[in-house]
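The block underneath contains the structure these notes are about, expressed in structure tokens.
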Amino acid sequence: MMTAKLAKEGGCGHFLLQSSQGANKDSSFLYPKVKGQVDAECAELGFEKLSIFRPGVLMVDRKESRPGEWFARKMLAPLKYFAPTVMTCPVETVAKAMVNAVLSPSDKPAEIYENKAVHLLAKGKSC
């Protein structure tokens, strides 16, 4: 949140936030609840434009040890071939979607891109 607040104070007009699939401030589970709370707090800051990206499980090899995440990536890896937009998202796809969100004109003050929309936006397609 501090990054968003500093960006707003510094005059940032369009803020992009990487959140998570299933983010919900009213969730009973900690991770989606915290992600949802951050989404809501960023919206309350009043950016001219806010783009929230909610990708699925990020497909990336991390240097730090995250055994649960490693296991999930290994189990979900075949999905990228059969149903790539269901539960996974390569980090490169998120980055491309973010760039396209900045470069694509939109009159909406806030947009939330769920996993499938992140994949589409990365390809330059409207959601």
Side-chain angles (χ1 to χ4, degrees):
M1 273 310 302
M2 185 58 69
T3 301
K5 289 177 184 175
L6 290 171
K8 179 66 177 167
E9 290 170 8
C12 176
H14 185 179
F15 190 75
L16 291 84
L17 173 68
Q18 181 182 316
S19 185
S20 178
Q21 188 172 33
N24 179 347
K25 66 180 178 158
D26 299 319
S27 177
S28 301
F29 299 100
L30 182 62
Y31 187 78
K33 181 176 187 160
V34 170
K35 289 292 191 174
Q37 289 171 338
V38 170
D39 292 358
E41 288 177 27
C42 282
E44 290 171 6
L45 289 175
F47 287 100
E48 292 172 31
K49 183 165 175 73
L50 173 64
S51 298
I52 299 175
F53 298 82
R54 293 181 175 168
V57 175
L58 292 174
M59 302 305 278
V60 60
D61 290 324
R62 297 185 187 271
K63 293 186 191 313
E64 68 270 10
S65 176
R66 292 187 178 187
E69 197 175 276
W70 175 87
F71 182 74
R73 283 194 323 270
K74 295 299 179 193
M75 296 302 295
L76 295 172
L79 281 178
K80 69 181 178 184
Y81 301 106
F82 304 110
T85 65
V86 174
M87 293 182 66
T88 63
C89 194
V91 292
E92 297 84 2
T93 300
V94 179
K96 288 176 185 175
M98 288 180 156
V99 168
N100 287 341
V102 171
L103 298 176
S104 302
S106 172
D107 58 350
K108 297 178 186 174
E111 293 184 287
I112 297 176
Y113 300 99
E114 299 293 346
N115 195 50
K116 186 173 183 177
V118 170
H119 282 268
L120 289 171
L121 187 58
K123 294 177 182 176
K125 299 178 181 175
S126 60
C127 308

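Atom set for the values below is all heavy atoms of this structure, side chains included, hydrogens, waters and symmetry mates excluded. Remember, it's a predicted structure, so these values are computed and weren't measured experimentally. If you read the sequence from its start, that first residue is 1, and numbering goes on from there.
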**Study point:** Validation row: Glu111, Lys49 side chains within 4.5 angstrom (heavy atoms)
**Key:** yes
Check your understanding: Which atom pair, heavy atoms only, marks the closest approach of Ser19 to Ile52?
Key -> CB-CG2, 3.8 Å
Review point. Rounded to the nearest 0.5 Å, how far does CD1 of Ile112 lie from CG of Leu50?
Key: 8.0 Å
Review point. Do Met1 and Val38 come close enough that some side-chain heavy atom pair is under 4.5 Å?
Key: yes
Review point. Do Cys89 and Lys116 touch side chain to side chain, with heavy atoms closer than 4.5 Å?
Key: no
Exercise for review: Please collect all ring pair (Phe, Tyr, Trp, His ring centres under 6.0 Å) contacts where either partner lies in residues 7-34, sequence neighbours excluded, each pair once.
Suggested key: Phe15-Phe47
Exercise for review: Flag the pair Pro55 / Thr93 as yes when at least one side-chain heavy-atom distance between them is below 4.5 Å, and no otherwise.
Suggested key: no
Check your understanding: Where do His119 and Pro90 come nearest, in terms of heavy atoms and distance?
Key -> CE1-CD, 4.0 Å
Practice item. Check whether any side-chain N or O of Asn115 sits under 3.5 Å from a backbone N or O of Thr88 as a donor-acceptor pair, and report yes or no. Key: yes
Check your understanding: Is there a side-chain contact between Lys5 and Leu45, using heavy atoms and a 4.5 Å cut-off?
Key -> yes
Practice item. Treat each ILVMFWY residue as a node, draw an edge where side-chain heavy atoms are under 4.5 Å apart, and state whether Leu17 and Phe53 are in one component. Key: no
Practice item. Treating Ile, Leu, Val, Met, Phe, Trp and Tyr as nodes and any side-chain heavy-atom pair under 4.5 angstrom as an edge, say whether Leu16 and Val91 lie in one connected cluster. Key: yes
Practice item. Indicate yes or no for a side-chain donor-acceptor contact from Lys35 to the backbone of Gly22 under 3.5 Å, with no hydrogens or angles considered. Key: no
Study note, to complete from the structure: Closest non-hydrogen atoms of Leu121 and Ala101, given as atom of the first, atom of the second and distance, are CD2-CB, 3.8 Å
Exercise for review: Considering non-hydrogen atoms only, spot the tightest contact between Gln18 and Leu58 and give its length.
Suggested key: NE2-CD1, 3.0 Å
Revision key, fill the gap. Here the pair of heavy atoms bringing Gln37 nearest to Lys25 is N-CB, 3.7 Å
Practice item. Treat each ILVMFWY residue as a node, draw an edge where side-chain heavy atoms are under 4.5 Å apart, and state whether Val94 and Val102 are in one component. Key: yes
